[in-house]
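For reference, the structure discussed in these notes is given below.
The basis for the numbers below is simple: all heavy atoms, side chains too, and nothing from hydrogens, waters or symmetry mates.
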Amino acid sequence: MYNLGTVFRFEVKRTLKKKSFWIMAAAFPVIIGLVFTIVFFSNQATDKAAANTKNQKFSFEITDESGVVDKKIVQQFGASETNDRQTAIHDVISGKLDAYFYYPKDLAHDKVQIYAKDAGLFDNGRYQAVAQVILQQSVAPNVDPQTTAVLQNTVGFDSTTYKDGVEFNGFKQLIAPGVFLILFYILIAMFGNQMLTSTTEEKENRVIEMILTAIKARTLIIGKILSLLVLALIQVVVILTPIVIAYIFLHNTLSLPNISLNDIPFDPVRIIIAALMFIFSFLLFTGLLVAIGAAVPTAKEASGFFGVVMICLFGPLYAVTLFISAPESDLVRFLSFFPLTAPIPLMLRNAVGNISIGDATLGIIILIVSAVIALMVAVRMFQFGALEYSRRIGLGAIFQKRSNK
Amino acid sequence: MVSVVSVDHFRMDFSGKTVIKDLSFDVHKGEVFGFLGSNGSGKTTTIRALLGIYTPTSGDLLVGGKPFSVSSGLKLGYLPEERGLYKKEKVLDIMIYFGQLKGLTRDEAKTRSEAFLARVKLSDKVNTRLDKLSGGQQQKVQLGITVINDPELLILDEPTKGFDPVNRRLLMDIIEEHQRAGATIIFVTHQMEEVERLCNRIVLLKDGTAHAYGTIAEVKKKFGGKSLDDIFLEVYGDENEQAEEASHV
């Protein structure tokens, strides 16, 4: 591994000097910040508009066949009762009346009919709001507050669960090992393309012969992969730092939940398993992407394969509920142990705690073996595919060349 | 005579097609060895096989008595036919990187790079990105990288390709300096005047074998005292005619 440090430093330094690296890193928190800002102001505006709507006055009549509606409340709203449903509807149509509510005899099965003048998509909600308030205020005196809370589904619940005689919070247990899953997702999503094109640069720039007579292909590839790992971690830090700072200072303003590190449980076994799964998943996909990059003549052509790899990798996310509800099903086991799909199911199942130590070990072994094979293929691809400046090289050609040796 | 490079019954097939049939030659320590042949005759293939980039179908290709390895400790300078560098990087950064890969410390690589750039009048370009240089300037940088480690074995595959006469002269001077310093040089070229000026011995590659091999005087004698230009035309003229006929068909 002579010169590994030189390759590593060169790759890290030159990437850190690229504007695109910092733009990509900065763009993520900026976009998150923008989305939060939009949601925040949108919610504020909506609440304000809803409050205004409630206070808006409009003329209306009602017909109550249910017998539930309190006449006094109707009068408080400045409305009147009518028995002539058709005339009331006609008055709404002609514009004499803003709205007419018809309360049917059986409120449990039939719907309240609302006829009203259009006030715009948002403001039309005021008619139903008033019709509902009339009903609620009419029945409220007859029901005690606790019953009201039960019926309105506003009762709060605080659960404490136990496992092996110890308090156990499944959601909080998920956080620490789940960090590795999120980290893996971010790294592959943001750095996958760079992994793919990391060796096409040597090929496109015709540097390959100079390089291969100065260092071993294996040293170059490993140096590049290590640099990618470090760069990816730097980028994650750059991305997370403003998010953490924003959380610390703005979580009350944005009504975000309070998170204390003291409340997060750390299960060392699950965290070690998650770390191993993360490392070898990363190496597997880096090796795979580097191998593809070395096998094709240009970065443009390499990107065509990127989608296929991403579908294999992130496709299992569509079965996420299955991983939680039926972890022993054949599909989940297949996706967990098939190398190209394994990372997400393994890390997810470890995070939610439904994978046995035996299955986790088997999964890690599969990832290690696959990663080693992927890296070996990547080195061979680079060594023999690198001089194929204009055509794609296949696995058959690589092994054929190997057998010549 | 000590052989620095030894090629013995080298054969190279690509997808069932034989490019080199049976090639043998030696390159002696301290000499400039001309490796001649028409386009597509297998010169670059031989060099790549010699340096372990290609795996030979059969035969032995030895550098310093053993197959070439980057960890052998031999100080190699190789200027390939297919040229290029990291285009987005600054000139000095690339030279230092390659200097370090070739075993120099960072300070040594920097000092030697700056000295070379001063010599080829590119001192003002040390912090310029490579893709901002002209083609000729890029060639100079690549030559600088090739010789930055004072190589014991210098392999130059058509080094003057793309050089104007002034820079060609500069290149020849640099090659001669390294020869005087004791480097062994393998020189691949089509320029016969360069061969006459620099080379001690030559090999003419044709039909995958050594068509002629020896000192320049020996080769000339074999062809009745003709000039190297005439010999080249005699040996490869029919290939060019065939190529022309094929292109008409």
Side-chain angles (χ1 to χ4, degrees), chain A residues 1-21 197-220 223-224 380 382-391 393-394 396-405, chain B residues 11-15 44-45 47-58 63 67-71 73-90 93-94 96-106 109 129-131 138 142 145-146 148-149 151 153 155 157:
Chain A
M1 286 298 153
Y2 179 66
N3 269 326
L4 182 64
T6 307
V7 174
F8 172 77
R9 280 191 298 275
F10 178 72
E11 294 292 338
V12 170
K13 276 165 73 177
R14 74 196 189 109
T15 307
L16 289 180
K17 282 191 277 182
K18 286 179 185 168
K19 283 181 194 160
S20 58
F21 177 86
T197 55
S198 65
T199 50
T200 52
E201 187 185 7
E202 270 83 5
K203 191 180 263 193
E204 287 184 318
N205 288 339
R206 305 287 200 263
V207 193
I208 219 78
E209 286 183 81
M210 297 278 281
I211 285 281
L212 287 179
T213 52
I215 51 169
K216 289 183 174 173
R218 191 176 63 225
T219 309
L220 182 76
K224 277 177 177 282
R380 300 295 296 186
F382 184 78
Q383 212 165 352
F384 294 113
L387 285 171
E388 300 292 348
Y389 294 121
S390 58
R391 74 181 178 99
I393 191 153
I398 293 297
F399 291 118
Q400 194 182 356
K401 281 171 191 288
R402 186 171 196 151
S403 66
N404 284 344
K405 202 160 188 173
Chain B
R11 179 188 175 93
M12 188 82 205
D13 297 339
F14 284 113
S15 307
T44 297
T45 298
I47 299 293
R48 285 175 178 171
L50 183 67
L51 296 177
I53 297 168
Y54 286 158
T55 306
T57 306
S58 63
V63 178
F68 175 77
S69 160
V70 291
S71 53
L74 175 92
K75 290 201 284 182
L76 172 77
Y78 173 43
L79 184 67
E81 185 192 16
E82 289 279 1
R83 278 168 219 162
L85 289 167
Y86 296 97
K87 292 194 185 330
K88 306 283 183 193
E89 304 307 313
K90 290 176 182 171
D93 290 344
I94 302 173
I96 291 173
Y97 176 53
F98 275 93
Q100 288 182 291
L101 290 182
K102 291 178 174 203
L104 303 179
T105 65
R106 184 180 166 78
R129 264 172 41 170
L130 201 81
D131 57 0
Q138 289 185 28
Q142 192 141 17
I145 288 169
T146 306
I148 194 169
N149 57 338
L153 174 62
I155 300 175
D157 195 346

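Minimum heavy-atom separation, A/Lys17 to B/Asp93: NZ-OD2, 2.9 Å. Taking both residues in full, the closest heavy atoms of B/Leu101 and A/Val7 are given as CD2-CG2, 4.1 Å, listed atom of the first, atom of the second, then distance. Summarising the geometry of B/Phe68 relative to A/Thr213, their closest heavy-atom pair is CZ-O, 4.0 Å, with the distance given to 0.1 Å.
Side chains of B/Ile47 and A/Glu209 form no contact here, defined as non-hydrogen atoms less than 4.5 Å apart. At a threshold of 4.5 Å between non-hydrogen side-chain atoms, the residues B/Ile145 and A/Met210 count as touching. Side-chain contact check for A/Phe10 versus B/Glu89: some heavy-atom pair is nearer than 4.5 Å. The side-chain heavy atoms of A/Val207 and B/Phe98, taken from C-beta on, include a pair separated by under 4.5 Å.
For the atom pair CD1 (A/Ile211) and CD1 (B/Ile53), the distance works out to 11.0 Å, reported to the nearest 0.5 Å.
Counted within 6.0 Å of NZ on A/Lys13, heavy atoms from surrounding residues, nucleotides or ligands total 12 or fewer; the atom is thus considered open. Other residues, nucleotides and ligands place no more than 12 heavy atoms under 6.0 Å from the NZ atom of B/Lys88.
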